[in-house]
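Everything below concerns the one structure shown next.
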Amino acid sequence: MNEKLEKAFCVQINKELYSAYLYLAMQAYFKEINLDGFANWMYVQVQEELAHAMGMYNYVFERGGKVELMSIEKPECSFNSPLNVFEEVLKHEKYVTSLINDLAFVAEEVRDRAAMSLLDWYIKEQVEEEANVSNVLGNLKLAQNDPRALLLLDRELATRTFVAPVIG
Ligand code: FEO
């Protein structure tokens, strides 16, 4: 595997692990304020991010490369409302989308078609991720600060389950 591309994958593995860590901090916030359905949604998100990281980790090895792990940054831990959390999630997912696009450009630059094909999966996944988050954010905007609407949404988010993605 091209060295520049291998390094770019390692950086992205770190960003995916950071995403898991950030969502774990958000899960802790929801647990603190007793919104267990929101906490469940966030925990599924944590597992998805770990799966995204492992998908790249395994891929680098599959291609005969090696993975250098880096420090994971401390995530933001203070939030002031569920709406504020989901605004941050959407902002973060848009940032991740831009990182995946940059990584795909590196794969393109070094003419690695196999890596480009793997990254197509991640590009599609980001579309889904942003849509899911926008949906919850839209519901939160509708709910405003009505506790009954928030509790109904909490019940709905309690039903989300993690399904291990088939990456690639
Ligand atoms: Fe791994 Fe939510 O992007």
Side-chain angles (χ1 to χ4, degrees), residues 5 7-33 35-60 69-108 115-144 150 153-154 156-168:
L5 183 58
K7 173 87 184 142
F9 265 112
C10 290
V11 170
Q12 191 58 33
I13 289 167
N14 180 269
K15 300 288 184 188
E16 299 292 342
L17 292 172
Y18 171 77
S19 302
Y21 214 28
L22 173 66
Y23 296 148
L24 195 59
M26 291 172 171
Q27 190 207 11
Y29 166 74
F30 284 123
K31 283 178 94 68
E32 265 170 51
I33 61 170
L35 284 174
D36 290 343
F38 279 89
N40 172 68
W41 191 98
M42 220 35 101
Y43 186 54
V44 172
Q45 200 66 19
V46 169
Q47 291 167 284
E48 291 213 340
E49 298 307 343
L50 292 175
H52 295 166
M54 290 312 292
M56 290 186 184
Y57 174 94
N58 289 326
Y59 184 73
V60 172
L69 294 174
M70 299 160 204
S71 310
I72 301 170
E73 198 188 320
K74 183 185 188 298
E76 175 60 62
C77 290
S78 62
F79 306 101
N80 49 42
S81 67
L83 181 66
N84 166 238
V85 172
F86 273 85
E87 279 167 348
E88 290 302 315
V89 176
L90 186 59
K91 201 161 84 182
H92 184 69
E93 285 301 331
K94 286 185 173 174
Y95 168 62
V96 173
T97 298
S98 74
L99 295 175
I100 299 280
N101 284 336
D102 290 347
L103 180 55
F105 280 125
V106 178
E108 206 175 323
M116 281 160 70
S117 158
L118 175 88
L119 290 168
D120 276 347
W121 183 88
Y122 281 89
I123 289 165
K124 282 189 214 124
E125 175 75 356
Q126 281 310 119
V127 173
E128 217 176 280
E129 292 258 288
E130 285 190 29
N132 285 343
V133 177
S134 295
N135 186 268
V136 181
L137 186 57
N139 286 342
L140 277 169
K141 282 181 181 162
L142 279 175
Q144 305 258 329
L150 208 57
L153 188 54
D154 189 61
E156 192 191 318
L157 298 186
T159 62
R160 187 184 189 197
T161 53
F162 174 66
V163 180
V166 180
I167 300 176

- Query: When you look at CZ of Phe79, are more than 12 heavy atoms from neighbouring residues, nucleotides or ligands closer to it than 6.0 Å?
  - Reply: yes
- Query: With sequence neighbours left out, what residues match Leu153 under side chain to side chain contact (heavy atoms under 4.5 Å, CB included)?
  - Reply: Phe38, Asn139, Leu140, Glu156, Leu157
- Are Glu16 and Ile100 side-chain neighbours, meaning at least one heavy-atom pair lies under 4.5 Å? yes
- Message: Show the nearest heavy-atom pair for residues Val133 and Leu90, with the distance to one decimal.
- Response: CG1-N, 3.6 Å
- Task: Classify the angle between the aromatic ring planes of Tyr59 and Phe9 as parallel (below 30°), tilted (30 to 60°) or perpendicular (above 60°).
- Result: tilted
- Message: For Ser71 and Glu73, which I'm curious about, is there any donor-acceptor pair between the side chains at under 3.5 Å?
- Response: no
- Message: side chain to side chain contact (heavy atoms under 4.5 Å, CB included), that's the test. Do Val96 and Gln12 meet it? Break it down for me.
- Response: CA-CA 9 Å; Val96 173; Gln12 191 58 33; 4.1 Å; yes
- Task: Please state whether the rings of His52 and Trp121 are parallel, tilted or perpendicular, taking 30° and 60° as the class boundaries.
- Result: perpendicular
- Query: Can you tell if the side chain of Leu17 reaches within under 4.5 Å of the side chain of Asn14, non-hydrogen atoms only?
  - Reply: no
All N/O donor-acceptor pairs, side-chain side in residues 160-168, below 3.5 Å, sequence neighbours left out:
from   : atom 1 : to    : atom 2 : distance (Å)
Arg160 : NH1    : Trp41 : O      : 3.1
Arg160 : NH1    : Gln45 : OE1    : 2.9
Arg160 : NH2    : Gln45 : OE1    : 3.1

- Note on the structure: Looking only at heavy atoms, the pair that brings Ala115 and Leu5 closest together is CB-CD2, 3.8 Å
- Query: Do the side chains of Gln47 and Tyr43 get nearer than 4.5 Å, heavy atoms only?
  - Reply: yes
Listed pairs under 3.5 Å, donor-acceptor, residues 21-29 side chains, sequence neighbours left out:
from  : atom 1 : to    : atom 2 : distance (Å)
Tyr23 : OH     : Glu93 : OE2    : 2.6
Tyr29 : OH     : Ser81 : N      : 3.2

- Task: Kindly give the heavy-atom pair with the smallest separation between Ala20 and Val46, and that separation in Å.
- Result: O-CG2, 3.6 Å
- Task: With the side chain counted from C-beta on, respond yes when Thr97 and Glu129 share a heavy-atom pair under 4.5 Å apart, and no when they do not.
- Result: no
- Between Gln126 and Glu130, does any side-chain donor sit less than 3.5 Å from a side-chain acceptor? no
